[in-house]
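Letters go in sequence order (proteins before strands), and every chain restarts at 1. None of the values given here were measured: they were computed from a predicted structure. For the numbers below, each heavy atom of this structure counts, side chains included, while hydrogens, waters and symmetry mates do not.
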Protein chains: 2
Amino acid sequence: MVMQRNTWQREAVRSALDTQMGFVSAQSLHSKLRGSGSHIGLATVYRALGDLASEGQADSLQSPEGENLYRACSRGHHHHLICRSCGLAVEIEADDVEVWAKRVASLHGFTQAEHVVDVFGYCSSCVAPSAESAANPVSARK
Amino acid sequence: MVMQRNTWQREAVRSALDTQMGFVSAQSLHSKLRGSGSHIGLATVYRALGDLASEGQADSLQSPEGENLYRACSRGHHHHLICRSCGLAVEIEADDVEVWAKRVASLHGFTQAEHVVDVFGYCSSCVAPSAESAANPVSARK
DNA sequence: GGGCTTATTGATAATGATTGTCAAAAGCGA
DNA sequence: TCGCTTTTGACAATCATTATCAATAAGCCC
């Protein structure tokens, strides 16, 4: 087992993530840090975020555009309601869904089920862009 | 409006997708096609898949590794139970989840809610790799 | 069939996020 | 402080995907 060392870089990433409202990409967190004086390396930000995520201190998900987004979070498994405009994320309870996912999986003979459940929308502050005329909302996949 | 022309390439992609058990990436569909003689271009496969997806003739989702996966499918909105090993996908009904997602979204003042709900696991043919010893299952994100 | 117009193709370059490399720098226990 | 090891960071390397653009081929009218 490897000894984990404490570096100011790791702290910088952790606290930058803490001050963040919603989910952020590694790239934008890196530029924010650079913007505030720190000259931390990009690879380091990626590493730190990856570590935080695997330690359970951060939560990660993929944006519809395929970027990996992170958010500070210490609690266990849960899901999010994410604003497509400002990135605001609300943690939501989804016990029903948990149960449903497990049931569906075993019903079909699947084991070691994991699930991806996230809801995207526009929060009340970010009113939906031109309501009806939005014939092609962001990330319409189907 | 633009006129849509019928090319053998488009057909090739469509039928290659049809003969596919589960979800495939554009890349692997391209190599499959090349492997069977056709010398269709990669960009064309991407374009064809994108078109199929936006016409509703194909279904798309992101793998945990960040690739876009496609599958032939003509029905409306639904979700999948996907085998992490062989890619087999079972379409699952999730009316409860639909309702839940809408309710949660409006409960928090979110509008134009879309959701991502997919369950990954190992199908009965692909027994989970060394059951218990799997301390680090594929795509463990948290 | 013969042209004509224009959508489509495909080889390749470009992009953009993420990861690998490796020498230099910095933790931390002694 | 010393020395051993983990980390860092600049940069190169990957990898999926998209843009470019000249060459090709569909659909159509004759």
Expressed as a whole number of angstroms, how long is the span from [X]:[atom1] to [N]:[atom2]?
| X | N | atom1 | atom2 | value |
| --- | --- | --- | --- | --- |
| Leu33(B) | dG10(C) | CG | P | 11 Å |
| Asn68(A) | dT18(C) | CG | P | 5 Å |
| Leu49(B) | dT17(D) | CG | C1' | 12 Å |

Collect all protein-nucleotide pairs involving nucleotides 2-6 of chain C in which both atoms are nitrogen or oxygen and the distance is under 3.5 Å.
unit_1, atom_1, unit_2, atom_2, d
dT6(C), O2, Arg5(B), NH1, 2.9
dT6(C), O2, Arg5(B), NH2, 2.9

Under-4.0 Å side-chain N/O to phosphate OP1/OP2 contact, [X] with [N]:
| X | N | value |
| --- | --- | --- |
| Thr7(B) | dT9(C) | yes |
| Gln9(A) | dG9(D) | yes |
| Gln4(A) | dT7(D) | yes |
| Gln62(B) | dA16(D) | no |
| Tyr46(B) | dT17(D) | yes |

Report the residue (Gln27(B) or Trp8(B)) whose heavy-atom-nearest nucleotide on DNA chain D is the more 5′ of the two.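 The answer here is Gln27(B).
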Side chain of Glu67(A) - closest among dT7(D), dT18(C), dG27(D): dT18(C)
Is it the case that the base of dG9(D) and the side chain of Arg47(A) share a donor-acceptor contact (distance under 3.5 Å, atom types as modelled)? yes
For DNA chain C, the residues among residues 11-18 of chain B that have a non-hydrogen atom under 4.0 Å from it: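 Heavy-atom cutoff 4.0 Å gives no residues at all.
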DNA chain C: 5'-proximal contact among Val45(B) and Leu42(A) (nearest heavy atom):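 Whichever sits nearer the 5' end wins; that is Val45(B).
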So, the side chain of His79(A) versus the backbone of Val117(A): is there a donor-acceptor pair under 3.5 Å, distance only?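 Indeed, once roles are kept as given, a pair shorter than 3.5 Å links the two residues.
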